[in-house]
Each structure stands twice: as C-alpha cells, then as structure tokens.
A.B. asks: 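My structure is below; once you've seen it, I'll send some questions.
As the structure is a computational prediction, the values presented were derived from the model and not from experiment. Values below: every heavy atom of this structure, side chains too, minus hydrogens, waters and symmetry copies.
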Amino acid sequence: MKLNSIRPDTRFKPNSLPFRPESLCLLHFSVKGFNQSPKTFLEMTTLSSISRFLSSSIRLKNHKLSISHFSTVSSAETVYNHLQRNGGNIEKTLASMRLNLDAKCVSQVLHRCYPTQSQMGLRFFIWAGVHSSYRHSYFMFSKACELYRIRQNPSVIFDVLEAYSVEGCSVNMKMFKVVFNMCKEAKLADEALGVLRKMPEFGLRGDNVVYNVVIRLFCDKGDLDMAESLVKEMSMVELYPDLITYMVMIKGLCNVGRLDDACGLFKFMKENGCLPNVVVFSALLDGFCRFGDMERALKLLEEMEKEGGDCSPNVVTYTSVIQYLCDKGRTVEALLVLDRMEARGCLPTRVTVSSLITGFVKEDQVELAYKLVDRVVESGSVTKTDCYSSLVVSLERVRKPEEAEKVFRTMLDSGVKPNSLVCTIMLKKSCLEGRMVDAYCLFDELEKMECLSSIDSDTYSILLVGLCQQRHLVQAAKLARVMLSKGIKLKAPYVDIIAEVLMKSGDEELLEQLTRNGR
DNA sequence: ATAGGGTTAG
C-alpha cells in the first residue's frame, strides 16, 4: 500500500457500540466554550481538553459555516432578507443595495441561500461575478460549484437561464462568462455546449474565449470529434481558432494518442499564420515523450532551442524531457539535459530535481542523487529542504525504509526542515506500524522545528486516534491542545472513533474523570 | 494556457 494513501479505516476499525457519541452528555460543550482563549484552555486538565476538543468538533460538524462566519453573518443576512422580501427581479434588488462585495460576503450569501433558495443563490453569484468592484476568484468558483453540487446537478444552470428568459431579464456576455466558468469548474462539457446554444435566445453568441472553454472541456473529456467540429464551427461564424484553440486541440489530440493529427495541426497553424509558442511546442513534445517517441521529442527540443524567442524551451519543457528520460532509466542523458538547460540560463526547480533524484534512487544510484543535490544547492536553484525531502520520498516509494529513515534523521539532526509531505509520510508510517509513542515524539520534534504548518487534519486525526486507542492519554491530550490552538478540526468519522475508543476502553474511573472535568 | 507531490487564503 502507498504510504500517502493510508486512511484510518484501513487500520482502525470503528467498533460497533450501540450509541452515538453525540448523545453523550459528557462530550457536550458549547460553541461559546470553543471561543475561549488558548491560555484559558492550557490551564485546564489534560483529559478534559480531549473531551472539550471532541465536543467542539461534534458541534461544528453539523454546521455548514465555520466559526469565522458567525461573527459577521449579518451582511449576508441583509442580502438574503432583501432578496426574499422583494422577490421578482433579483438583479434589480441587488443593484439598489449598493453592496460592498468581497469574497467573504459572496461566500456567506451562497451559504445562506443553500439549499432552499439555490436558484436565487446562483443568480446572486452570477450577478456578483459581473459587479464592477469585484471579481470571483477560481477559489470562489470552485466553492460555489462544490456547495451547489453543480457537477451532480447541472440542470440548475438551465433553470437559471430559463428564469432570466421568463422574467425578461437582460443577460449580457459577462454574465454568460460566469456561467461558462462554472461549467468549466464543474467539468461539464455537454452543458457548456448547451449554454452556448442558448446564447442566441438572449441576442448573444460565443466569442473565441467561450469557444475555447467549450473545446477544452470536450478535449479533457476525450471527445476530440466534438472538439474538432466546434473548431470548424468557429470559422463558419467568422471566429478564428487562435493560439489557445490550437494549444488545447494539440494537447487533446496528444492525450488520446493521436500524435500524427497533433503534428498535422501544428503544421497547419504555422501555415495559417498562427505561430506556436513554447506552450504549444511543449504540449507536442510532452505527447512525444508520453507515447514513447523520445527521439522525436529530443529532435523537437533541438528545434525549439534553435528557433529561440517565443519557442525557446523553458523549465517546464526541460523538466518534462528530464522526467521521461528518468522514467525510461536514461538518467545519464537526463543529466546531460540538465547541463544543457543550465548552459542556456534556465535553472532547475524542485520538480526538475525531484525527477532526477527519483530516477537515481530507482536505479540504486543514491550517491549520484547526493552529488546532484550538492550541485543544485550550491547554485542556489533549489533548497536543501526540497532536495532532501525528495530523496526521502523517493526512498520510501522504492521500499527502502531504513535508508529513508536515515536521511530523514540526518535532516532533523542537521536542522534541515523536512517539507510537509515528508512529515506526513513519516508520521503516518509510525502510526501505521502502531508505534504511537514514537509518532508522538516525532510530532513533538517536528512541531518544535516549526515544520508542521501545513499538515492536513487527517494526519493529526490518525495520530490522535492511535494515541487514544493505546491509551496514551497524556500525549493525546497534549496533541488535542495543539490541534485546538491551531484551529484544526477533527472530521466526523474520527470524532466517532475517538469517542467510541474512549468510551469502550475507558474504565469507570476514566469516564468519571472525563465527566467531571468536562464541565 | 504549460509539469509537479498538494504551497497561503480567499
């Protein structure tokens, strides 16, 4: 099993007690308690901190809004109430409100409208997206799609368009672009095409950007025939495929292994006055690499170097060549490519170096990996953290746990901070092997080195579950305190498991203590 | 708009 795919249920089977932890009064705690300062919390006894931690997690998991939403929920509430009261033309109501739009406000309104007023929420989202003082980030698009389950339930998009139509709402191009971006985020190719077909009803038609989005969606889906017919359609409506269109198509053709067609299109674009840039070249080159035509890829790389300018290979181009050479066991040549890129003033990144390190480790040439690390650290292009972290990950992947452990230990002892992936892997490994005290000590050490700023809640939870199961309650309480101070929330399944473990394993005395101190 | 192991927070 891969280390990074460890999930708690593979090891910690929840037992089947006949009660739910939510029903336990000993775990009951208010949200008000959660807001107490860490200092107050530290003063509390260790066992009560576990119970408090659990209870706040239980309370929170039933809320769609996180704590931070509670403080300023009023602005969303105002919008919601306004919209509810006025009914009818949502956009007109919104325009009259002179709202101070920001990401927080948008997010709150979305949450407020879901699920009983989804259509209103979406219309607000579309309206907000064209508001002059505000722009949706990609993050916001992904949040909106996730919350409203657009991918699972795409008909809501058409419901909104229908409502616009019925109400005689004027819909402009910008509003459609918000809708297309939602389709893009939700990976809805057919629906995006459906929206494109609806545009004429509102007196609009797709432009290059819109066509490119739809074509890309079909390419990503592997439906190259539809993508091609849309490209043809573009020329028929006096739109012309541009650099992005060609890039998307070439990438799509490469993805489905139609390399000759990709080459044909590459030639065609040049002949038609659209000069490929480094991204287009790189897409084609990557296709050659992936389908095993390394020689053709190298020839293309040479061509790019000769051509220069917009076609000059960049670190992404070189990295993909190096990566595929390493995959094929051709690390000697890969190193030559590294020389070549550096000679052209193109510095490797951690991705480049990581590919090479993995290649060396797979060929059992760790000493070459060390040599490479010295070289790139010396030149200042990649940090020790990134290099040695890659080395540890690679050693773990090829099942050399002792060597990985050794490098990891050396890192810690010499003050080189392992990155978060390595920390996660090593912590989970100890947990999986049931070495919970070791895991806790490691956690403590990493925490002191300030390496744990971006460890996910999953890792914390596995650690806490294991400590509770083995009844290392002092450590568990300390961990729970750290989690609380960092605002890391336990996810529902872990809450259940930990509560059950404590209940089941707990002798009367422990239960009593928890009950007594939990108030 | 390009690779990658998963870079903030929004």
A.B. asks: Atom CE of M247(A) to atom C1' of dA3(B): distance rounded to whole Å?
C.D. replies: 13 Å
A.B. asks: To check you understand the geometry: which heavy-atom pair defines the closest contact between V377(A) and C387(A), and what is its length?
C.D. replies: CG2-SG, 4.1 Å
A.B. asks: When you compare the side chains of R216(A) and T245(A), does any donor N or O come within less than 3.5 Å of an acceptor on the partner?
C.D. replies: no
A.B. asks: Give me each pair satisfying salt bridge (Lys or Arg N to Asp or Glu O under 4.0 Å) with a member in residues 138-153 of chain A, each pair once, sequence neighbours excluded.
C.D. replies: K143(A)-E146(A)
A.B. asks: Heavy-atom nearest nucleotide on DNA chain B for S454(A) versus I244(A): which residue maps closer to 5'?
C.D. replies: I244(A)
A.B. asks: Are D339(A) and R375(A) within salt-bridge range, i.e. N to O under 4.0 Å?
C.D. replies: yes
A.B. asks: Heavy atoms under 4.0 Å, any strand shown: does N277(A) hit a base, just sugar-phosphate, or nothing?
C.D. replies: base
A.B. asks: L224(A) and G252(A): which non-hydrogen atoms are nearest, and at how many Å?
C.D. replies: CD2-O, 3.7 Å
A.B. asks: Rounding to a whole Å, what distance do you find between Y134(A):OH and dG10(B):P?
C.D. replies: 13 Å
A.B. asks: Identify whether the distance between the nearest side-chain nitrogen and carboxylate oxygen of K428(A) and E433(A) falls below 4.0 Å.
C.D. replies: no
A.B. asks: Could you check M140(A) against V280(A) and say which one's nearest nucleotide on DNA chain B is further toward the 5' end?
C.D. replies: V280(A)
A.B. asks: How close or far is atom C1' of dA9(B) from atom CZ of F141(A), stated in whole angstroms?
C.D. replies: 18 Å
A.B. asks: Rounded off to whole Å, could you give me the CE-to-C1' distance for the M341(A) and dT2(B) pair?
C.D. replies: 14 Å
A.B. asks: Under 4.0 Å between any heavy atoms, over every strand shown, what does S390(A) touch: base, sugar-phosphate, or nothing? Just pick one.
C.D. replies: base
A.B. asks: Can you tell which of dA3(B), dG6(B), dG10(B) lies closest to the side chain of A103(A)?
C.D. replies: dG10(B)
A.B. asks: Can you tell me how far C1' of dT8(B) sits from CD1 of I455(A), to the nearest Å?
C.D. replies: 15 Å
A.B. asks: Scan D456(A) against the nucleic acid and name what it touches under 4.0 Å (heavy atoms): base, sugar-phosphate only, or nothing.
C.D. replies: nothing
A.B. asks: I'd like to know if N419(A) reaches the base of dG5(B) with its side chain such that a donor and an acceptor end up less than 3.5 angstrom apart.
C.D. replies: yes
A.B. asks: Need one value for K143(A): base, sugar-phosphate or nothing, where a base atom within 4.0 Å counts as base even if backbone is also close, heavy atoms only.
C.D. replies: nothing
A.B. asks: For S137(A), which contact category applies under a 4.0 Å heavy-atom criterion: base, sugar-phosphate, or nothing?
C.D. replies: base
A.B. asks: Could you tell me how far apart L243(A) (CG) and dT2(B) (P) are, to the nearest whole angstrom?
C.D. replies: 12 Å
A.B. asks: With a 4.0 Å heavy-atom cut-off, tell me which residues in residues 304-323 of chain A come close to DNA chain B, sorted by residue number.
C.D. replies: N314(A), V316(A), Q323(A)
A.B. asks: Among residues at least two apart in sequence or on other chains, which ones pass side-chain contact (heavy atoms from CB on, under 4.5 Å) with K184(A)?
C.D. replies: Y138(A), N181(A), V213(A)
A.B. asks: Nearest to the side chain of R216(A), which nucleotide is it out of dG10(B), dA1(B), dA3(B)?
C.D. replies: dA1(B)
A.B. asks: When the P atoms of dG10(B) and dG6(B) are compared, how many Å lie between them, rounded to an integer?
C.D. replies: 22 Å
A.B. asks: Figure out the CG/C1' separation between D327(A) and dG5(B), and round it to whole Å.
C.D. replies: 14 Å
A.B. asks: Nearest whole angstrom, please: distance from the P of dT2(B) to the CE of M249(A).
C.D. replies: 16 Å
A.B. asks: Between D438(A) and K429(A), does any side-chain N to carboxylate O distance fall below 4.0 Å?
C.D. replies: no
